Amino acid sequence: EPEVTQTPSHQVTQMGQEVILRCVPISNHLYFYWYRQILGQKVEFLVSFYNNEISEKSEIFDDQFSVERPDGSNFTLKIRSTKLEDSAMYFCASSGGLGDSDTQYFGPGTRLTVL
Amino acid sequence: GDSVTQMEGPVTLSEEAFLTINCTYTATGYPSLFWYVQYPGEGLQLLLKATKADDKGSNKGFEATYRKETTSFHLEKGSVQVSDSAVYFCALRGRKAAGNKLTFGGGTRVLVKP
């Protein structure tokens, strides 16, 4: 069964450093998303991406964040200068497959720890 | 804006007990509704969904019915197992356009004891 994959599973970085989180969405999907979950809190939407551009973003997704689909398979989230409060689990999701456009399928997540 | 409210946990049950997790929502129009489950150390897995009023989603013995009149989507299972211990998230997707974001509730941790 196709699945969303994410790398790395855990990233530790120093405050102020740039990080890139990587995702490979399901291959025939058209919509891509990033969410985050701070420990013990709810899952929050960050950004959605369609047709090589951002279709929606939340207030959390400020100028420190960017997304890119550098080739036909990867979808990345970059945080330019990490802050302590960026520590969270980051989930990638995709949707828009034939016959099931409504459902978002999530990857296993990348745990980001900012020291 | 859209919002989802679900009962706070943790919910602790014995094996074979009946489980209900309440979920209510606020949204414009007719959203699609979802339950996702997060097992310890893992990501989010879709458990079930319903896309219109009175639809019932079901999977692995879990059920939830889309109730427009009460704006609810409560999750139920008749006989839980230890393996059902997880965090359960109710979520909605607005209907305004394809590719809409999911809005999640706060999650309910369920612990099933043998």
Side-chain angles (χ1 to χ4, degrees), chain A residues 1-7 9-10 21 23 25-26 29-61 88-111, chain B residues 1-10 21 23-27 29-52 55 57 59 64 66 73 86-109:
Chain A
E1 185 175 322
E3 57 183 18
V4 177
T5 59
Q6 292 184 242
T7 54
S9 56
H10 192 188
L21 309 183
C23 168
I26 294 173
H29 282 185
L30 303 174
Y31 301 91
F32 314 112
Y33 314 82
W34 284 101
Y35 293 81
R36 79 171 185 191
Q37 183 184 29
I38 295 172
L39 188 64
Q41 298 185 25
K42 67 167 64 178
V43 178
E44 303 172 290
F45 169 77
L46 293 178
V47 66
S48 58
F49 192 86
Y50 170 70
N51 201 24
N52 280 321
E53 59 183 30
I54 290 173
S55 48
E56 188 177 3
K57 60 182 181 179
S58 72
E59 303 154 349
I60 303 167
F61 194 88
M89 182 73 92
Y90 288 81
F91 292 107
C92 174
S94 68
S95 72
L98 280 174
D100 190 14
S101 59
D102 223 12
T103 302
Q104 293 182 24
Y105 293 88
F106 284 75
T110 293
R111 179 166 299 285
Chain B
D2 297 345
S3 68
V4 177
T5 303
Q6 60 183 106
M7 60 189 286
E8 290 191 20
I21 304 175
C23 170
T24 57
Y25 67 89
T26 303
Y30 302 92
S32 295
L33 301 173
F34 304 83
W35 277 100
Y36 282 84
V37 58
Q38 186 177 34
Y39 297 105
E42 298 185 15
L44 297 164
Q45 298 178 25
L46 177 69
L47 182 58
L48 54 83
K49 69 175 187 179
T51 57
K52 61 183 188 297
D55 266 3
N59 186 25
Y66 189 143
F73 192 54
V87 181
Y88 293 81
F89 291 93
C90 185
L92 71 81
R93 176 188 167 282
R95 284 215 175 271
K96 138 181 109 168
N100 256 7
K101 67 182 181 188
L102 288 171
T103 300
F104 285 86
T108 302
R109 183 175 300 278

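Just so it is clear, the model here is predicted, and its values are computed rather than measured.
- For the residue pair A/S48/A/S55, the side-chain donor-acceptor check at 3.5 Å is satisfied.
- Using a 4.5 Å cut-off between heavy atoms, A/F91 contacts chain B through its side chain alone, with no backbone atom that close.
- Contact annotation for B/Q45: neither backbone nor side-chain heavy atoms come within less than 4.5 Å of a heavy atom of chain A.
- Residue A/Q37 touches chain B through its side chain alone, counting heavy-atom pairs closer than 4.5 Å.
- The side chain to side chain contact (heavy atoms under 4.5 Å, CB included) search around A/N52 returns A/F49, A/R69, not counting sequence neighbours.
- With a 4.5 Å cut-off on non-hydrogen atoms, B/V87 does not touch chain A at all.
- Checked against side chain to side chain donor-acceptor pair (under 3.5 Å), A/Q41 has no partners two or more places apart in sequence or in another chain.
- At a 4.5 Å heavy-atom cutoff, A/F32 makes no contact with chain B through either its backbone or its side chain.
- Taking the six-membered ring for Trp and thresholds of 30 and 60 degrees, A/Y50 and A/Y31 have nearly parallel ring planes, at less than 30 degrees apart.
- Side-chain contact check for B/Y25 and B/T103: no donor-acceptor pair (N or O, by modelled atom type) lies under 3.5 Å.
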